[in-house]
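The structure appears right after this line, and notes come after that.
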Amino acid sequence: AYAWTTMIRGFVLSKSPEKAIEFFTRMKAQGVNPNNFSLLFMLKAFTMVLAYKEGRLIHGLILKLGLELDLFLHNALVHMYSLFGDMKSAHQVFGEMPMNTIATYNALISGCFSCGDVMGARKIFDEMIDRNVVTWNAMVSGYSKLGLLKEARFIFEEMPIRDVFSWSAMISGYSQSGRAIEALALFQKMQLSNIGPDSVTMVSVLSACATAGALDVGKWVHAYIDKNELRCDVFLGTSLVDMYAKCGCIDMALRVFREMPHKNVFTWNAMISGLSLHGHGEDALSLFAAMEKAHVIPNEVSFVGVLCACTHVGRVEEGCKHFNRMIQELNISPKIEHYGCMVDLLGRSGRLEEAREFIKSMPMAPN
RNA sequence: AGAACCUGAACUAA
């Protein structure tokens with residue numbers, strides 16, 4: 001049981017819940033009984049893949065095996081139920097425990113936010129006697145994600161201690177709401193604090209640089225990453241590619257892109273869109289071909305870049321081909337962006353009747 | 001003895 005649990009734990013901690021679930025299934029097939037640890041990780045795994053029903057089954061299994069609900073299992077259950085918006089079950093589990101820790105309340109807060117229940121989150125926060133930095137961070141990030149930046153900032157300013165999570169949550173809040181200047185301003189303030197940015201912080205900062213066209217800050221961040229040896233993973237690499245591309249430094253974007261050992265579809269998309277944005281339509285199209293050759297499956301964003309590139313080089317037929325292939329081969333239902341690209345593509349080449357027909361064929365209301 | 005709960009992240013048309 002120990003070996004199985006270690007494997008399952010490893011997969012969950014390395015963010016591969018599918019593999020953890022597979023191992024758990026195999027473990028049970030071998031007749032090994034799950035224990036508190038494996039069940040805890042299964043709750044986590046099903047929470048990660050948003051599998052509510054399976055999560056409930058694990059809860060049932062815990063009860064069936066007569067295992068005692070320790071604090072970890074208890075908190076994981078509260079977290080899972082509240083994340084799925086099943087506040088009734090969450091509160092039921094919550095009420096059954098003689099002792100709820102700060103983490104239990106924190107789990108409820110983040111659950112409320114993920115269901116959009118701002119008032120609920122606020123109420124729990126207000127009623128808490130002991131709060132830790134995670135409590136405050138959960139409030140900052142919860143408000144931020146819902147675009148309630150004033151509220152987030154208020155909490156951020158009020159909190160007694162801030163860690164790198166606090167700063168990152170607040171900066172990404174601004175960045176994701178398109179308020180790049182405020183994100184960068186806060187990043188400047190962060191440098192006056194005693195908390196250093198990590199690679200997650202930098203992803204949001206670079207994203208803000210890309211939006212604002214702040215190439216100088218972006219370059220500074222790049223140098224900082226190298227100098228301080230921040231973990232350069234796919235996220236950070238992609239943000240760098242995107243920042244350079246959006247700021248018009250196609251050469252640097254390509255250089256970072258080529259040097260990245262691991263790329264995913266986001267990385268390719270950032271490079272393809274960047275090329276097409278700056279008039280390198282042909283290069284964008286050949287990069288798209290290279291992506292498929294590398295067995296990276298394009299997603300809906302990839303096709304926005306490709307269709308855009310087709311528009312720039314006036315390749316109407318090729319654009320239509322990609323559009324149809326997206327639907328038929330990849331089972332992606334076109335979004336309003338794709339229809340926008342197609343109308344643009346047809347319109348610019350003077351095929352106005354076809355463009356009109358395209359608009360008529362849209363399943364959603366044209367904007 | 002040793003496993004561990006809650007908070008931050010990138011690509012998107014006109």
Side-chain angles (χ1 to χ4, degrees), chain A residues 1-3 5-10 12-13 35-38 40-41 43-44 47 70-80 82-83 100-111 113 132-142 144-145 162-173 175-176 197-207 210 233-243 245-246 263-274 276-277 298-308 311 334-345 347-348 366-367:
Chain A
Y2 181 86
T5 306
T6 305
M7 289 303 292
I8 293 170
R9 166 182 175 269
V12 172
L13 295 185
N35 58 18
N36 279 21
F37 283 104
S38 47
L40 172 66
F41 292 118
L43 283 177
K44 242 191 128 149
T47 306
D70 60 28
L71 262 182
F72 288 97
L73 278 176
H74 176 255
N75 288 342
L77 282 169
V78 171
H79 183 223
M80 181 187 79
S82 59
L83 198 77
N100 286 304
T101 59
I102 300 183
T104 325
Y105 289 90
N106 293 347
L108 271 180
I109 289 179
S110 72
F113 274 120
N132 60 17
V133 65
V134 178
T135 318
W136 291 89
N137 287 346
M139 294 300 291
V140 172
S141 109
S144 275
K145 279 192 191 134
R162 285 176 276 271
D163 62 9
V164 65
F165 282 68
S166 329
W167 287 96
S168 301
M170 197 63 237
I171 291 172
S172 91
S175 178
Q176 287 176 340
D198 66 5
S199 55
V200 176
T201 320
M202 291 314 202
V203 168
S204 296
V205 174
L206 286 169
S207 168
D233 56 11
V234 210
F235 276 85
L236 194 50
T238 304
S239 309
L240 277 171
V241 170
D242 184 48
M243 182 279 294
K246 290 233 174 77
K263 306 175 182 64
N264 63 15
V265 65
F266 284 65
T267 322
W268 288 90
N269 290 349
M271 196 64 247
I272 292 169
S273 307
S276 111
L277 191 70
N299 65 13
E300 51 185 45
V301 179
S302 319
F303 283 98
V304 174
V306 168
L307 295 176
C308 219
T311 302
K335 297 208 307 180
I336 193 135
E337 289 94 326
H338 301 109
Y339 285 100
C341 289
M342 288 307 289
V343 172
D344 193 26
L345 175 66
R348 280 184 206 268
N367 66 6

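No hydrogens, no waters, no symmetry mates; every other heavy atom, side chains included, goes into these values. Letters A, B, ... are given to chains in the order of the sequence lines, protein chains preceding strands, and every chain is numbered from 1. All values derive from a computational prediction rather than experimental measurement.
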#### Entry: Minimum-distance nucleotide (side-chain atoms of Ser273(A) versus U12(B), A3(B), G8(B))
U12(B)
### Message
Can you list everything that forms a side chain to side chain donor-acceptor pair (under 3.5 Å) with Asn106(A)? Sequence neighbours excluded, please.
### Response
Asn132(A), Thr135(A)
### Nearest-Å distance for atom pair CZ/C1', residues Phe303(A) and A14(B)
20 Å
### Query
Would a distance-only check, ignoring hydrogens and angles, find a side-chain to backbone donor-acceptor pair under 3.5 Å from Thr267(A) to Asn264(A)?
yes
### Query
U7(B), A9(B), C11(B): which one has an atom nearest the side-chain heavy atoms of Asn299(A)?
C11(B)
### Query
Between Leu77(A) (CG) and C5(B) (P), how many Å, whole number?
14 Å
### Any His79(A) side-chain N or O less than 4.0 Å from OP1/OP2 of U7(B)
yes
### Task
Identify whether any heavy atom of Val140(A) sits under 4.0 Å from a base atom; if not, whether one sits that close to sugar-phosphate; answer base, sugar-phosphate or nothing.
nothing
### Message
Is Gln176(A) close enough to G8(B) that one of its side-chain N or O atoms is under 4.0 Å from OP1 or OP2 there?
### Response
no
### Message
So Ala103(A), base contact, sugar-phosphate only, or nothing? Heavy-atom distance under 4.0 Å.
### Response
base
### Task
Using whole Å, report how far CG of Asn106(A) lies from C1' of G8(B).
14 Å
### Message
Once you apply a heavy-atom cut-off of 4.0 Å, does Asp233(A) come out as touching a base, just sugar-phosphate, or nothing?
### Response
base
### Task
Return yes if some donor-acceptor pair links the side-chain N/O of Ser168(A) with the main-chain N/O of Val200(A) below 3.5 Å, else return no.
no
### Message
Taking the minimum atom-to-atom distance to the side chain of Ser172(A), which one of U7(B), A13(B), A9(B) wins?
### Response
A9(B)
### Message
Applying a 4.0 Å non-hydrogen cut-off, can you work out what Val301(A) is touching in the nucleic acid: base, sugar-phosphate, or nothing?
### Response
base
### Message
Between the base of A14(B) and the side chain of Asn367(A), is there a donor and acceptor pair under 3.5 angstrom?
### Response
no
#### Entry: Nearest to side-chain heavy atoms of Phe41(A), which nucleotide of U7(B), A3(B), C11(B)
A3(B)
### Task
Measure the distance from CD1 on Ile272(A) to C1' on C11(B) and round it to the nearest whole Å.
10 Å
### Task
Give one of base, sugar-phosphate or nothing for Ser141(A), where a contact means two heavy atoms less than 4.0 Å apart.
sugar-phosphate
### Summary
Considering only heavy side-chain atoms of Phe72(A), the closest of C5(B), A3(B), G8(B) is C5(B)
### Task
State whether the distance check finds a donor on one side and an acceptor on the other, under 3.5 Å, for side chain Asp163(A) versus base G8(B).
no
### Task
Identify which nucleotide among A3(B), U12(B), U7(B) has an atom closest to any side-chain atom of Ser110(A), counting heavy atoms from C-beta outward.
U7(B)
### Task
Scan Thr201(A) against the nucleic acid and name what it touches under 4.0 Å (heavy atoms): base, sugar-phosphate only, or nothing.
base
### Message
By nearest atom, which of the nucleotides A3(B), U12(B), C11(B) is closest to the Tyr2(A) side chain?
### Response
A3(B)
### Query
Separation of Asn132(A) atom CG from C5(B) atom C1', in whole Å?
11 Å
### Message
Checking contacts here: which listed nucleotide (A10(B), U12(B), A13(B)) is nearest the side-chain heavy atoms of Lys246(A)?
### Response
U12(B)
### Query
Pick one: which of Leu77(A), Asn75(A), Leu83(A) meets side-chain contact (heavy atoms from CB on, under 4.5 Å) with His79(A)?
Leu83(A)
### Spacing between Lys44(A) atom NZ and C6(B) atom C1', to the nearest angstrom
9 Å
#### Entry: Donor-acceptor under 3.5 Å (Thr6(A) side chain, Tyr2(A) main chain)
yes
### Message
Check this one for me: any side-chain N or O of Lys145(A) less than 4.0 Å away from OP1 or OP2 of G8(B)?
### Response
yes
### Message
Under the criterion of centre distance below 5.5 Å and interplanar angle below 30°, is Phe37(A) classified as stacked on the base of A3(B)?
### Response
yes
### Interatomic distance, Trp268(A) CH2 vs C11(B) P [rounded to whole Å]
18 Å
### Message
On a heavy-atom basis, which atom in Ile272(A) and which in Gly305(A) lie closest, and how many Å separate them?
### Response
CG2-C, 4.2 Å
### Query
Could you state the CG-C1' distance from Asp344(A) to A13(B), rounded to the nearest angstrom?
7 Å
### Task
Check Ala169(A) against Ser144(A) and note the closest heavy-atom contact, atom names and distance.
O-OG, 3.6 Å
### Query
Can you tell which of G8(B), A13(B), U12(B) lies closest to the side chain of Cys308(A)?
A13(B)
